[in-house]
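Taking it in order: structure first as structure tokens, then the write-up.
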Amino acid sequence: MGTRRDVLRAGLIIGGGIALGGIGAGVAGRPAAAAGSTSPVSTSSIGHNHHGRFRAADLQVMTVTEDSLTVCWATWDALRLEEGRPVGVPTNGRLRVWPKSAGSDLRTVRPEAVREVHSLGEAAFHLLTVEGLEPDTDYCFEADSEGARAKPTHHLIEESRRVVRTLPRLPGELLETIVVANDVHIGETVDGVLVGEFPPPARVPEGARPYPEVALAAVIEGARRAGASRLFVNGDLTSEARPEEVRRARELLDTFPGRWRVTRGNHDRPHRADQDARYAECSTYTPPEGALSSAARDEGRDYRDCFGEHFGERQRPWVEELDSGGRVVGVDSTTLDSSGGAIASDQMDELGDILRSEPTRRTVVMLHHPVTNEAAFTNPGTPAFVLNRRDAMKFQRLVEQTPGVALVMAGHTHRSRHNRPDVATEAVFLETPAAKSWPTGATHLRFFDDGIMVNFRHNMGAEAHDWAMRTRWTQFGLSPALGSGTVDSRNMVIRC
């Protein structure tokens, strides 16, 4: 059986090399092995408070809207490590934002031109938002912790400029907000491993809530605060679709006050009862003709679909009607025994009928596996990790023939990336980050008369922020480089 770890294990060296090549000499490299060694956070400012010496680092623009800017950074102990990783130091944080037209040097900018916000109290992870900005305008920003200027550790070219442009404003009133998350992995206990304990994983402290539940609860709360009408989970809701994982995921989703829908990810596929007795309590799944190899068929594999009992039949599309007049179409892109993706011919036909029935209607399509060539050849898992090429081209041709499709969303790679399609279409193809690992959060879609505002929102709350800091050091400390993507891959306006 192939899993995400199996494929990523083969692509780790390639993917790590790509990431290192892209972030240059300023990367905070692999943490030192022994406690007491010099901190690996080298590109940072040194500060001091009553907790001791700290480094202000990992500066990143997280969310940009038409009238707000959200920036995050962390403060780490300047010397001490625990289990080879930096230790957070609580500090007071401050974010200052001003129009670039007022000057690029804060020392010469008129005080009335500067908007300033402070953290509510000491914290090691800082996530601050300045609101009331003008749309489509360049702004400079500075973040500091008790006078120590926060510096970027990854994304050096983008973040070192300390200039960001707000999104243009879409005309008309806000019609509706929906939220899309992916890769929650309810039931998982360690994050960031490929095999055994390699690379060194992140895990919650003893007695703490399981991190997938922290992540999903934070996504739900963020959706509630945003007034979202609907919440979607685009695959890998569970770790391995065990009965208890599926039930717990359903319990958590039912706390959302609006409607929710789920697509199936590779971790949510039917599993074999002979490999884990817990699956025996679930319904038998009979694969369609031709879905199994002759060896597997002769073996008489006993598949059980615990996920389907709560979230719908496998390899069938669904349609969710939106209050704003648009629609969301969900697609099951999973295979039975591998992490790669496929769309069965019957489902492809159904999908074609759905799209052709209202070809100009504003539509968002979501499936777990990315579908473009660019996604296939840039992810560390290699092309075997995404939707197979034949089905990917069939899918894209359906999109090409449906001008109402504005956005195609995928998860699976745990990264943020805006990909070029392989066909002549105006649709935007996005990979969105995992809810459960850096940067942790969900994508908010705000619908207006003539467009969609797309913004990634970081999970909020003390538990969520503590977990975010832990996942920042997975994948040998490369998680921010591998997962976050560029500012404009997480924040954009789609005209439609």
Side-chain angles (χ1 to χ4, degrees), residues 175-176 178-180 182 229-235 259-265 288 311-335 340-376 386-412 418-432 443 445-452 454 492-496:
L175 302 176
E176 183 174 14
I178 67 173
V179 172
V180 183
N182 52 270
S229 62
R230 288 162 178 80
L231 170 65
F232 299 89
V233 179
N234 193 13
R259 286 178 56 81
W260 56 261
R261 297 295 293 265
V262 175
T263 65
R264 196 188 295 251
F311 300 113
E313 187 178 348
R314 182 174 177 269
Q315 283 288 335
R316 292 292 303 275
W318 50 254
V319 179
E320 178 69 16
E321 306 286 342
L322 298 181
D323 298 338
S324 55
R327 60 182 174 175
V328 174
V329 178
V331 178
D332 183 340
S333 57
T334 63
T335 58
I343 299 176
S345 58
D346 287 349
Q347 183 181 204
M348 192 76 78
D349 291 342
E350 279 192 79
L351 177 62
D353 291 341
I354 291 168
L355 296 181
R356 284 189 292 267
S357 67
E358 297 180 277
T360 60
R361 186 179 180 188
R362 184 157 64 181
T363 301
V364 175
V365 181
M366 55 184 65
L367 71 170
H368 189 61
H369 291 82
V371 302
T372 66
N373 259 324
E374 185 174 332
V386 302
L387 195 69
N388 72 65
R389 190 71 340 227
R390 182 194 63 184
D391 293 345
M393 289 309 300
K394 287 182 178 179
F395 173 87
Q396 289 188 70
R397 289 190 186 102
L398 288 179
V399 172
E400 183 181 26
Q401 297 161 13
T402 313
V405 175
L407 175 61
V408 177
M409 304 183 73
H412 193 46
H418 181 182
N419 292 309
R420 293 186 302 271
D422 307 313
V423 297
T425 177
E426 296 298 317
V428 172
F429 287 72
L430 281 185
E431 298 171 59
T432 52
T443 300
L445 306 181
R446 290 180 291 146
F447 290 81
F448 294 81
D449 285 329
D450 67 344
I452 305 172
V454 180
M492 66 184 67
V493 173
I494 300 174
R495 305 279 183 176
C496 56

Practice item. Would you please say whether a donor-acceptor pair under 3.5 Å links the side chains of Asn419 and Glu431? Key: yes
Check your understanding: Are Leu367 and Val408 close enough, and set up right, to give a side-chain contact (heavy atoms from CB on, under 4.5 Å), and what steps lead you there?
Key -> CA-CA 8 Å; Leu367 71 170; Val408 177; 3.9 Å; yes
Exercise for review: Write out all pairs satisfying ring pair (Phe, Tyr, Trp, His ring centres under 6.0 Å) with one or both partners inside residues 349-371, taking only residues at least two apart or from two chains.
Suggested key: His368-His412, His369-His412
Check your understanding: Which pair of non-hydrogen atoms, one from Ser324 and one from Leu175, has the smallest distance, and what is that distance?
Key -> CB-CB, 3.8 Å
**Study point:** Distance, nearest 0.5 Å, that separates SG of Cys496 from CZ of Phe447
**Key:** 7.5 Å
Point to revise | Closest non-hydrogen atom pair, Val364 against Met409 | key: CG1-SD, 4.1 Å
Practice item. Walk me through it: do Glu320 and Arg259 pass the test salt bridge (charged side-chain N to carboxylate O under 4.0 Å, His left out)? Key: CA-CA 9 Å; Glu320 178 69 16; Arg259 286 178 56 81; 2.6 Å; yes
Revision key, fill the gap. Nearest heavy-atom approach of Asp332 to Gln315 is OD2-N, 2.8 Å
**Study point:** Phe311/Trp260 aromatic ring centres below 6.0 Å
**Key:** yes
Point to revise | Nearest non-hydrogen partners of Ser229 and Asp323, listed with the distance | key: CB-OD2, 3.9 Å
Point to revise | Side-chain donor-acceptor contact under 3.5 Å, Arg264 with Thr334 | key: no
Check your understanding: Between Asn182 and Thr432, do the side chains contain an N or O donor and an N or O acceptor separated by less than 3.5 Å?
Key -> yes
Exercise for review: Kindly write out the residues that satisfy salt bridge (Lys or Arg N to Asp or Glu O under 4.0 Å) with Arg495, not counting sequence neighbours, or none if the list is empty.
Suggested key: none
Review point. What closest approach, in Å, do Ala406 and Ile494 show between heavy atoms, and which atom pair accounts for it?
Key: O-CG2, 3.9 Å
Point to revise | Non-neighbouring partners of Asn388 that pass side chain to side chain donor-acceptor pair (under 3.5 Å), sequence neighbours left out | key: Asp391
Check your understanding: Quick one: does Trp318's side chain get under 4.5 Å of Val329's, heavy atoms only?
Key -> no
Point to revise | Minimum heavy-atom distance Ala376-Val386, with the two atoms named | key: CB-CG2, 3.7 Å
Point to revise | Between Glu400 and Thr425: side-chain donor-acceptor atoms closer than 3.5 Å | key: no
Check your understanding: Crowded around Glu321 CD? As in, over 12 foreign heavy atoms under 6.0 Å?
Key -> yes
